[in-house]
Amino acid sequence: MHIFRTLLITSTTFVAMGTCVAQADDSVKSRTTARQAPKQYVVRTGKSKAVISPGNAGQPELISVSAARRPTAVDDIGTSMTIITEQQIQTQQRRGLADILTRQPGLNVVQTGGPGGSTSIFMRGNNANEVKVRLDGMDINDGSSASGMFDAGQFVTDGMGRIEILRGPQSGLYGADAMAGVIDITTTQGQGRFKPFVRIEGGSYGTFNQTFGARGSKGRFHYNVELSHYRMDGFNNIPSYIERAYHADRAQRHEGNRNDNRGANIRLGYDVTRNLDLGLTARLVQANNHSYSLYDLQSEALYGDSGVREQTNQNEAIVRGTAHLVSFKGLFDQVIGLGYMTNRNRWTETGTSYGSPVNPDPDYYRSSRLKVDWHGTFNFRQYGQLLIGAEHFHDTFNTSHMAASIWDSGYNTSASMDTTAGYGQYQGNWNHILYGAANIRYDANSRYGDHVTWRVAPAIHVPGTGTIIKASAGSGFHGPSLYQLFVNQVGVGYSEKGNPNLKAEQLIGYDAGVEQKLLHDRLNFGATWYDNRARNLIQSSLSIDSSYNYNYSYSNVARARMYGVEAFLNWKALSTLEFNLSYTWTHARDETDNTELQRRPQHKFNFNTTWKPIKDLTFSGNILYTSGWRDLPVIGTETCSTCAKGHGYVTIDVAANYRVNRYVSVYARADNLLNRQYEEPIGYLQPGRAGYGGFMLNY
């Protein structure tokens, strides 16, 4: 059953599209001072300094470090982006990365089975595997998955200092998988005195979370270490109408999911000299997810199975070390890095099928990634900056399953690939009116060939008006995963075989917009139009031979167009009251048959407010509206990916934080106050009304 279920889910995915310190890229401090903007601070470490904004909750930061791989004022580059600060994450009490991303413009986040379930991030209507995610300069898309996408299901926000979301093709700087955009995460760097803390939280669905750690600096050494344990037990993700359709009994209706996540986030740094510093970051995740989904209910109702349950064990480690050197009095700034990532996923299904065990032997999915990179920046002062860099990746993949019976022949597939890349970028301005950056990159991959990508991103400041006109254009590509190239699973009545002749997906994208600042920059609003066209999209293919065997594979057949509008308004009404609104309109269609793409809602609206009525008390409120979308039917015989219509929904969340004294803080939050029973995707109920509370002890 698992094989067919996996193939069905995989096929629909492709048919559908068929801290506080702004630092230089790769988590290393920059010695370059950006042009100052109102209400900014200059933070120093040794000879290093970087201009940042205060990071008030709700207000966007003014400095980006990912859009151009160096600290750049957000107003001075045409890239459409969102910056999320550590303070915003803490104020809104978003514990999972998926929770904070789902509220951002241009993104749609889909999670199966509630907390810990598999999570997909769609950006500007593109496929989830076309979004590159980086942590402290390490590329962390999951090479053990079929599509190679990043799964945020078990990624918690502890230790995250800032999240930069770059929308639009970014392959000109970041290579493969940055076809739709980049999500760049930087962990917080410790500064100042030794600051230990403990946070305890409990609430609905058997939630019991514990986090403790310490951050600070001592002389040339700085550190941030955080350990966490998140537990959820008892969430039922099967909608009631599906339970009625399959006549679920009392035990099946109350069978819930359980998730247990243990993690560690570590960031260490040492300033060897005034011009040389070393850094080490690590994130470790060990998670166990027990689930009972609609497909397990179907197995028991339709095929006579009993006691069907699924369990996924995930072990992930991401480690990266860097060395950063500034030479010639700041004229040349360079970084060399070495990173390693490994994923070990084990999937098991228990239960019986007509008296025989269901998949008694687990399926294993393993991957690793080794990255060596270097980049350097020449600072020509008023004549601009020139960035050059090179990267090399070595990726490996293995999937295996032991033969269990004459119906299950087992499989073992291993493969690897290498990618070598070089890139360059020029960034400058003319009379502080015209700003911009232009880059180009060359990638050579051992499996799917060579690719050249580019990007230009100008910004025009209209003098004396507070008006900024932004635009960008670029190309992107996404290479096939090792699974899609080489998977080889053969059983009775079915087979799934990779296609080693797959080509990389390609995209050309444009956007243009205008932003306006008023009331001494307390009011900021704007809108951006974007248009992306993709071709050679990889989708699952199916053929049925004369013996009625189902043969699955992959092919380059689809092309798609995604266009729409992203609009925002940020208003700091008072020093203690802020409002933030965003609206996204997305039109995404498969141009081969003019059908809507799966799981891309057309409208999305998010409203967030932060209010601080007294010094130590902060309230946060959030309203999220998502319109309907096309999806896979889960009841009946239809198998097309867009034959069902998901219902739109509205959720309201509130949170409160109160600092009792310098040592104790208490907080509480309520999610989905309207108790809206909604699914995303179809067939997977999301949590209803829930309450959580806890306290933090710090010194």
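Any value given below was found using the heavy atoms of this structure, including those in side chains, with hydrogens, waters and symmetry copies removed.
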Hey, mind stepping through Tyr583 and His603 against side chain to side chain donor-acceptor pair (under 3.5 Å) and telling me if it holds? CA-CA 7 Å; Tyr583 168 73; His603 303 283; 2.6 Å; yes
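- Side-chain atoms of His222 and Asp271, non-hydrogen and from C-beta on, do get closer than 4.5 Å to each other.
- The aromatic rings of Tyr649 and Trp629 sit perpendicular to each other, their planes meeting at more than 60°, with 30° as the lower class boundary.
- For the pair Asn141 (side chain) and Val131 (backbone), a donor-acceptor distance under 3.5 Å is present.
- Between Leu537 and Glu130 there is a side-chain heavy-atom pair separated by less than 4.5 Å.
- Contact record, Asn532 with Gly509: OD1-CA, 3.1 Å, taken as the closest heavy-atom pair.
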Derivation of the salt bridge (charged side-chain N to carboxylate O under 4.0 Å, His left out) call for Arg162 and Glu164: CA-CA 7 Å; Arg162 58 190 280 132; Glu164 295 195 33; 2.8 Å; yes
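- With hydrogens and angles disregarded, no donor-acceptor distance shorter than 3.5 Å links the side chain of Thr281 to the backbone of Asp136.
- A 4.5 Å side-chain heavy-atom check between Asn127 and Arg600 finds at least one atom pair inside the cut-off.
- Taking 4.0 Å as the cut-off between side-chain N and carboxylate O, Arg134 and Asp177 do not count as a salt-bridged pair.
- The backbone N or O of Val109 lies less than 3.5 Å from no partner atom in the side chain of Thr119, so there is not a single donor-acceptor pair.
- The minimum heavy-atom distance linking Gly106 with Thr584 is given by the pair N-OG1, 3.0 Å.
- Nearest heavy-atom pair, Ala176 versus Asp443, reported as atom, atom and distance to 0.1 Å: N-OD2, 4.5 Å.
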Check against ring pair (Phe, Tyr, Trp, His ring centres under 6.0 Å), Tyr510 and Trp529: CA-CA 8 Å; Tyr510 312 88; Trp529 164 269; over 10 Å; no
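- Side-chain contact between Val452 and Ile440: present, with at least one pair of heavy atoms (C-beta onward) separated by less than 4.5 Å.
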Given side chain to side chain donor-acceptor pair (under 3.5 Å), test Gln334 with Trp374 step by step and report yes or no. CA-CA 7 Å; Gln334 60 180 318; Trp374 170 89; 2.9 Å; yes
Mind running salt bridge (charged side-chain N to carboxylate O under 4.0 Å, His left out) on Arg535 and Glu505 for me, showing each step along the way? CA-CA 6 Å; Arg535 60 187 178 90; Glu505 302 174 340; over 6 Å; no
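- Classification of Arg103 and Asp653 as a salt-bridged pair holds, one side-chain N sitting under 4.0 Å from a carboxylate O.
- Ser665 places no side-chain N or O within donor-acceptor distance of the main-chain N or O of Arg659, the cut-off being under 3.5 Å.
- Between Trp585 and His587, the ring-plane angle classifies as tilted under the 30° and 60° cut-offs.
- Put simply, the side chain of Ser64 gets close to the backbone of Ala67: a donor and an acceptor are under 3.5 Å apart.
- At distances below 3.5 Å, not a single donor-acceptor pair connects side-chain atoms of Arg589 with backbone N or O atoms of Met562.
- In summary, the aromatic rings of Phe607 and Tyr625 are positioned with their centroids too far apart to meet the 6.0 Å limit.
- Aromatic pair Tyr435/His461: centroids less than 6.0 angstrom apart.
- At least one donor-acceptor pair closer than 3.5 Å links the side chain of Thr85 to the backbone N or O of Gln88.
- Put simply, the side chain of Phe150 reaches to within 4.5 Å of the side chain of Leu97, judged on heavy atoms.
- Distance alone, capped at 3.5 Å, places no donor-acceptor pair between the Lys329 side chain and the Ser327 backbone.
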Do Arg124 and Glu566 pass the salt bridge (charged side-chain N to carboxylate O under 4.0 Å, His left out) test, and can you show the C-alpha distance, the side-chain angles, and the key distance before you say yes or no? CA-CA 9 Å; Arg124 285 188 169 179; Glu566 297 160 348; 2.9 Å; yes
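- The shortest non-hydrogen separation linking Gln170 to Thr79 is NE2-CG2, 3.9 Å.
- At a threshold of 4.0 Å, the pair Glu86-Arg215 counts as salt-bridged, since one of the basic side-chain nitrogens sits closer than that to a carboxylate oxygen.
- When all heavy atoms of Gly190 and Ser217 are compared, the closest pair comes out as O-CB, 4.2 Å.
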In sequence, state the C-alpha distance, the side-chain angles, and the governing distance for Arg320 and Leu280, and then conclude on side-chain contact (heavy atoms from CB on, under 4.5 Å). CA-CA 6 Å; Arg320 178 170 166 81; Leu280 177 67; over 6 Å; no
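- Between Arg69 and Glu391 a salt bridge is recorded (basic side-chain N to carboxylate O distance below 4.0 Å).
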Just do the side-chain contact (heavy atoms from CB on, under 4.5 Å) check on Thr82 and Arg167 with the steps written out, would you? CA-CA 8 Å; Thr82 300; Arg167 294 181 289 273; 2.8 Å; yes
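- Without hydrogens or angle criteria, Asn224 side chain to Gln189 main chain gives no donor-acceptor distance under 3.5 Å.
- Each of Leu101, Asp139, Ile185 was checked for a side-chain contact (heavy atoms from CB on, under 4.5 Å) with Val133, and the lone residue meeting it is Ile185.
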Might you work through the side chain to side chain donor-acceptor pair (under 3.5 Å) test for Asn379 and Arg70, ending with a clear yes or no? CA-CA 11 Å; Asn379 189 350; Arg70 58 179 304 276; 5.5 Å; no
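- For the pair Ile89 and Ile84, the minimum side-chain heavy-atom distance is below 4.5 Å.
- For the residue pair Thr187 and Asn265, the shortest heavy atom distance occurs at CG2-OD1, 3.3 Å.
- A salt bridge links Lys572 with Glu578: the closest approach of a Lys/Arg side-chain nitrogen to an acidic carboxylate oxygen falls below 4.0 angstrom.
- Salt bridge Asp531/Arg561: present, at least one basic N to carboxylate O contact under 4.0 Å.
- Salt-bridge check for Asp184 with Lys132: failed, with every basic side-chain N at 4.0 Å or more from each acidic carboxylate O.
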Could you walk me through whether Thr586 and Phe122 pass the side-chain contact (heavy atoms from CB on, under 4.5 Å) test, one step at a time? CA-CA 11 Å; Thr586 303; Phe122 300 91; over 6 Å; no
Step by step, would you call Asn129 with His478 a side chain to side chain donor-acceptor pair (under 3.5 Å)? CA-CA 8 Å; Asn129 58 351; His478 165 71; 3.2 Å; yes
Kindly determine whether Asn622 and Ile652 satisfy side-chain contact (heavy atoms from CB on, under 4.5 Å), including the steps that lead there. CA-CA 6 Å; Asn622 197 91; Ile652 300 177; over 6 Å; no
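- The side-chain heavy atoms of Val654 and Phe619, taken from C-beta on, include no pair separated by under 4.5 Å.
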